[in-house]
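The sequence lines fix the lettering, A, B, ..., with proteins before strands; numbering per chain opens at 1. Every heavy atom of this structure was used, including side-chain atoms; hydrogens, water molecules and symmetry mates were not.
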Amino acid sequence: MDWITTVDHKKIAILYLWAGGLFFGIGGIEALLIRWQLIKPMNDFLDAQTFNELITMHGTTMIFLGVMPVIFALMNAVIPLQIGARDVAFPFLNALGFWTFLFGGLLLNLSWVMGGAPDAGWTSYTPLSTSAYSGTHGVDFYTIGLQIAGLGTLIGGINFLATIITMRAPGMSYMRMPMFAWATFITSAIILFAFPAITVGLVLLTFDRILGANFFEPGAGGSPVLWQHIFWIFGHPEVYILILPAFGIISEVIPTFARKRLFGYSSMVFATILIAFLGFMVWAHHMFTTGLGPVANALFAVSTMLIAVPTGIKIFNWLFTMWGGSVRFTTPNLFASGFIPTFTMGGVTGVMLASAPADFQFHDTYFVVAHFHYVIVGGLVMGLFAGLHYWWPKMFGRMLSETLGKWTFWTFITGFHLTFFVQHFLGLMGMQRRVFTYLPNQHFDTLNLVSTIGAGLMGVGTLIFLANIVITSRNPMDADDDPWEDGRTLEWSIPSPPPEYNFKQTPLVRGLDALWKEKTAGNKGMTPAEPVGSIHMPSATPLPFIMSVGIFIAGFGFMFSRDNFSSGFVSFLFNNYIVTGLGLLITFGAMLMRSLYDDHGWHIEPEELEGR
Amino acid sequence: MMRTWHSARRLLPLIAVFGTVLAGCGREDLSVLRPQGPAAESSLGLMKLAISIMIVVLLIVFSIAAYVLIRFRRKPGQNEIPEQIEGSFKLEVLWTVIPLILVIVLAVPTVRTVFALGDNHSGDKNAIKVKVTGHQYWWEFEYPDYGIKTAQDLIIPAGKNIAFELTTNDVLHSFWVPSLSGKIDTNPTGATNRFSFSAPKEGVYRGKCAELCGPSHGFMEFKVKAVSNDEFKQWIEAQKAPAVLPEDPALAQTFKEQCLKCHAVGDQGLSVGPNLTGIGSRESVAGILLNDDTRQDGAPVEENLKSWLHDTQGVKPGNLMPDPKQDMGLTDDEIDRIADYLAGYKLN
């Protein structure tokens, strides 16, 4: 019950982590099934339809329900602490964001047991995704599930923007903000501008499918290419929504374990902003083969290549942060140092893909599959592993086992390169992506076998990580405030895990890497910026949960509004939008309660603070 | 020491794979790395340039990373605080300018090639015009200048430019012959695409659909057959010749009633499904059952036709052809005889 009503950012972070971890596991199992099917030519382990459902759900789940929530988990756990705040700006909305994400994700995954998962690819290109060619409710689960989950992301993004703009501790100017806070800030800004595009796209596609509209139906004047533009105007920035937080994590981990401040901090900040800015202008590089013509292709090719410049700045700044440092290889830093070369490999293939005439060959082949997995798994997932190992003691008060952590790293990275490196060559040798099987004698067999073996190894690495969590969860909560000893930022100045009010007294920030600065000045901790006083806390409330349940029911009802059920009564309920209405009633009712009933929260008094 | 050994072990499989790949590089009729025409060559040229630049970049990053990770490891007992360096304006400018130069080096030929490949030869009198239409899950090739249609095997004269006009009849597909040219999508009418390639050498090249188009997306293959000019002319004439129907009148009747409702042979039937004229001399049945009398890559054509007609959904799941036995009421014997007739229907 406590978990359902909580509005504490640290608890919401843990909720995000478990839910994201669950979906990550589902997406991972889907990946292993896909790889098992491709282990040999003409394999009949899966049929074609199931395979297409698996690739669609693997992509969708991993992007929207696997990695993004884990990113949100880390942001929620760390950002208020890093900027010296007691919570996010809107704790109630924070909870609402989590619950809408969870119910959206549940709705999407219900498709497995309710008559057909989406099967049109995670990009859902029309007309394959229209009701004419995708007859099951699969794509409806996709449009409505993602719409609900997307609400959560948008809410979360806006919340972090407001938090970072308004709630930084005294003295923390923008240019004294830790890099992870910067990355979160920029990522949230991208979410603010990119998610409305997918929201619109999903609404239009829902209208096409459920209400018989014709936005994307070529026969009735709609345009399938329009969907591609809408999708990628969201979809390309989405890549940066994913990778910038990883950049942020790496920029925290490396300085800590090199005992050195981040090299070229201001150029890192501006590189991040530049990447976000350029990220919005390159969506059509996913569409070189659509036939936009040479002028558009040339412009988008060159603007895409430009992203290599700020990214290169970041890579070299990280390397030179370690240069001259005193580098300690803990598990987080292993992942961070593994990240640099791996991500660089994904980056350079990205530049190759930007060259439009070469992309005519790369596009929709395993070369592209290799490229984006190098970026998303080799970049983001490695970054998340680094971040999770790094902040685990802060989140849970327990250290993860270093031995198991190192095993995780070595099996995972070996498996990763084994899986995806060979896929570059598969693509160049003529293997297109999203094929459920392939004919023999095309020189595809050995490399696919290697790739599948690698995927298994990655699975083993992930299991070791899970084992690590389970085993260490039995240890006492005895992690130090600053368990890595060289913590540089504010989160390491308070106990692990932090008390619910985070900071007894808001700290005074006197420079970049605030805690490090105090430590090197010989101080034991941060200097407070205020006297000990009564702390105002928001009340726990079940309303966000109830609102999300309402939206879930409404989406569900809308999706089946055209169906005939065996029971006439059930058909009556769905066909007259009664179920939809009921769901909306629950949501709006909860909103009304929230508006009418003024909850002033509660206070933690100084005596209580001192008593601890 | 332990670490270096670890890194070496990590590289071993990669080196092994690298070796096999460089020895292979894929099939001549399929691999992007072994181009057989000018369009594929210009793509590969850019790839080579890009790969060279990228390998240089990777080598620099890898060597700095390796050096840093080995040289600046914290040794036991080492506890001093390193100097807190803010950054270096010179260095940061250096690694802004160098990537910028590298990008320009790649961008200039990219733009040039984009425009060169943008030439679609649609106004070229000497080019052979072909209208490509994608269907779930087969390809239709129409030669508007000659008034003929065929399916699955695209016959072209070697050395001539082919001016393509591409559309789709249902969902999006993507037309790709890796060894001859990059791919281009088939959009519905209204967003018709044009492009061009040529195959200087005679031979058979493997083509694929590269855009997810449904369950049998992976099976939507086709062949491009480059033949001499004379052979091409003969083929055109043979395609235009009147239909050859089964000799047995009863079978001919069944064939007409059942198959020609969707398919066409010569001047008879409808062209809703793939055109069957001369199907016995094609490279494959249904695009994926390869016709090969030596049985190395497939089976003889009559065997393939039988496998197809007896189990259309098994061979190509989700295709739109009605099942000859279940839906059209043909007997096994009739199916076999139609297969034999089609196998014998060869051009030339």
Item to check | Residue Phe89(B) versus chain A: region with a heavy atom under 4.5 Å | outcome: neither
Checklist entry - Checking salt bridge (Lys or Arg N to Asp or Glu O under 4.0 Å) against Asp486(A), which of Arg259(A), Lys260(A), Lys519(A) comes through? => result Arg259(A)
Checklist entry - Tell me, side chain or backbone of Val57(B) under 4.5 Å from chain A's heavy atoms, or both, or neither? => result side chain
Next on the checklist: Does Arg261(A) form a salt bridge (charged side-chain N to carboxylate O under 4.0 Å, His left out) with Asp513(A)? I'd like the steps, not just the answer.
Outcome noted: CA-CA 8 Å; Arg261(A) 69 169 275 177; Asp513(A) 292 336; 5.4 Å; no
Next on the checklist: Determine whether the aromatic ring centres of residues His417(A) and Phe420(A) are separated by less than 6.0 angstrom.
Outcome noted: no
Checklist entry - Residues two or more places apart in sequence or in another chain: which of them pass salt bridge (charged side-chain N to carboxylate O under 4.0 Å, His left out) with Arg112(B)? => result none
Checklist entry - Most heavy-atom pairs under 4.5 angstrom with chain A, which of Ile64(B), Leu91(B), Leu212(B)? => result Leu212(B)
Next on the checklist: Distance check, rounded to the nearest 0.5 Å: Gln432(A) atom CD versus Lys208(B) atom NZ?
Outcome noted: 5.0 Å
Next on the checklist: Only pairs of heavy atoms separated by less than 4.5 Å count here; which of Ser355(A), Gly264(A), Pro357(A), Ala356(A) has the most with chain B?
Outcome noted: Pro357(A)
Next on the checklist: Below 30° counts as parallel, above 60° as perpendicular, anything between as tilted: where do the rings of Phe320(A) and Trp323(A) land?
Outcome noted: parallel
Next on the checklist: Can you confirm whether Glu165(B) sits close enough to Val132(B) that some side-chain heavy atom of one is under 4.5 Å from a side-chain heavy atom of the other?
Outcome noted: no
Item to check | chain A interface, residue from Val111(B), Thr189(B), Thr113(B), Ile85(B) that has the most non-hydrogen pairs under 4.5 Å | outcome: Ile85(B)
Checklist outcome for this item: Most heavy-atom pairs under 4.5 Å with chain A, out of Gly190(B), Gly118(B), Gly318(B), Gly214(B), belong to Gly214(B)
Item to check | Asp29(B), part contacting chain A, at a heavy-atom distance under 4.5 Å | outcome: neither
Item to check | Interface moiety of Ala271(A) toward chain B, non-hydrogen atoms closer than 4.5 Å | outcome: neither
Next on the checklist: Applying a heavy-atom distance below 4.5 Å, give me the residues of residues 180-188 of chain B that approach chain A, sorted by number.
Outcome noted: Ser181(B), Gly182(B), Lys183(B), Ile184(B), Asp185(B), Asn187(B), Pro188(B)
Checklist entry - Step by step, would you call Leu30(B) with His443(A) a side chain to side chain contact (heavy atoms under 4.5 Å, CB included)? => result CA-CA 10 Å; Leu30(B) 175 63; His443(A) 297 209; over 6 Å; no
Item to check | Proximity breakdown for Glu211(B) and chain A, heavy-atom pairs closer than 4.5 Å | outcome: both
Checklist entry - What part of Leu117(B) lies closer than 4.5 angstrom to a heavy atom of chain A: side chain, backbone, both or neither? => result side chain
Checklist entry - Of the non-hydrogen atoms in Asn441(A) and Gln296(B), which two are nearest, and what is the gap between them? => result ND2-O, 3.7 Å
Item to check | Phe444(A) and Tyr366(A) aromatic centres sub-6.0 Å | outcome: no
Checklist entry - Checking Val225(A) against chain B: side chain, backbone, both or neither under 4.5 Å from a heavy atom? => result side chain
Checklist entry - What's the spacing between Thr130(A) OG1 and Glu217(A) CD if we round to 0.5 Å? => result 5.5 Å
Checklist entry - For Tyr67(B), is it the side chain, the backbone, both or neither that has a heavy atom under 4.5 Å from a heavy atom of chain A? => result side chain
Checklist entry - Under 30°, 30 to 60°, or over 60°: which ring-plane class applies to Trp318(A) and Phe339(A), parallel, tilted or perpendicular? => result perpendicular
Item to check | Leading residue by heavy atom contact count with chain A [cutoff under 4.5 Å; candidates Gln84(B), Met54(B), Gln136(B)] | outcome: Gln84(B)
Next on the checklist: Under 4.5 Å from any heavy atom of chain A, what part of Ala116(B) do you find: side chain, backbone, both or neither?
Outcome noted: neither
Checklist entry - Which one of Gly121(A), Gly312(A), Gly325(A), Ala308(A) has the most heavy-atom pairs closer than 4.5 Å to chain B? => result Gly325(A)
Checklist entry - Relative to the ring of Phe197(B), is the ring of Phe164(B) parallel (under 30°), tilted (30 to 60°) or perpendicular (over 60°)? => result tilted
Next on the checklist: Less than 4.5 Å apart, side chain to side chain, heavy atoms only: is that true for Thr123(A) and Gln228(A)?
Outcome noted: no
Item to check | Contact class of Leu428(A) relative to chain B, heavy atoms under 4.5 angstrom | outcome: both
Item to check | Contacting region of Trp95(B) [heavy-atom separation from chain A under 4.5 Å] | outcome: both
Checklist entry - Does a side-chain heavy-atom distance below 4.5 Å link Phe72(B) with Met322(A)? => result no
Next on the checklist: I'd like to know which of Ser337(A), Gly324(A), Ala301(A), Ala298(A) tops the heavy-atom pair count under 4.5 Å against chain B.
Outcome noted: Gly324(A)
Checklist entry - Of the backbone (N, CA, C, O) and the side chain (C-beta and beyond), which part of Phe115(B) lies under 4.5 Å from a heavy atom of chain A, both, or neither? => result both
Checklist entry - Could you state the interatomic distance from CZ (Phe257(A)) to CD (Glu485(A)), rounded to the nearest 0.5 Å? => result 9.5 Å
Checklist outcome for this item: Turns out that what part of Met268(A) lies under 4.5 Å from chain B's heavy atoms comes down to neither
Item to check | Choice from Pro218(A), Gly427(A), Gly430(A) maximising heavy atom contacts with chain B below 4.5 Å | outcome: Gly430(A)
Checklist entry - Would you say the side chain of Leu38(A) lies within less than 4.5 Å of the side chain of Asn43(A), judging by non-hydrogen atoms? => result no
Item to check | Part of Asn79(B) within contact of chain A (heavy atom distance under 4.5 Å) | outcome: both
Item to check | Leu172(B) versus chain A, the contacting section by heavy-atom distance below 4.5 Å | outcome: both
Next on the checklist: Counting only non-hydrogen atoms closer than 4.5 Å, does Leu512(A) touch chain B with its backbone (N, CA, C, O), its side chain (CB onward), both, or neither?
Outcome noted: neither
Checklist entry - Which answer fits Arg206(B), side chain, backbone, both or neither, if we ask what part of it has an atom under 4.5 Å from a heavy atom of chain A? => result side chain
Checklist entry - Hey, is the main chain of Tyr137(B) close enough, under 3.5 Å, to the side chain of Lys316(B) for a donor-acceptor pair? => result yes
Checklist entry - Top residue by heavy-atom pair count (under 4.5 Å) with chain B, among Thr311(A), Val295(A), Ile340(A), Thr437(A)? => result Val295(A)
Next on the checklist: Please report the interatomic distance OG(Ser129(A)) to CH2(Trp227(A)), rounded to the nearest 0.5 Å.
Outcome noted: 6.5 Å
Checklist entry - Can you tell which of Thr126(A), Val435(A), Val302(A), Ile315(A) has the highest number of heavy-atom pairs within less than 4.5 Å of chain B? => result Val435(A)
Checklist outcome for this item: Applying a strict 4.5 Å limit to non-hydrogen atoms, the region of Leu166(B) in contact with chain A is neither
Item to check | Ile55(A) side chain reached by Arg433(A) side chain, heavy atoms, under 4.5 Å | outcome: no
Item to check | Interchain contact, Ala120(A) with chain B, by part (heavy-atom threshold 4.5 Å) | outcome: backbone
Checklist outcome for this item: So, the part of Ile104(B) with a heavy atom under 4.5 Å from chain A: the answer is neither
Checklist entry - So which of Cys209(B), Pro99(B), Ala39(B), Ala210(B) has the biggest tally of heavy-atom pairs under 4.5 Å with chain A? => result Ala210(B)
Checklist entry - Below 4.5 Å, heavy atoms only, C-beta onward: do Cys25(B) and Met429(A) meet side chain to side chain? => result no
Checklist entry - Looking at Leu290(B), Asp297(B), Asp170(B), which one has more heavy-atom pairs under 4.5 Å with chain A than the rest? => result Asp170(B)
Next on the checklist: Less than 4.0 angstrom from a charged side-chain N to a carboxylate O is my criterion; do Arg194(B) and Asp119(B) meet it?
Outcome noted: no
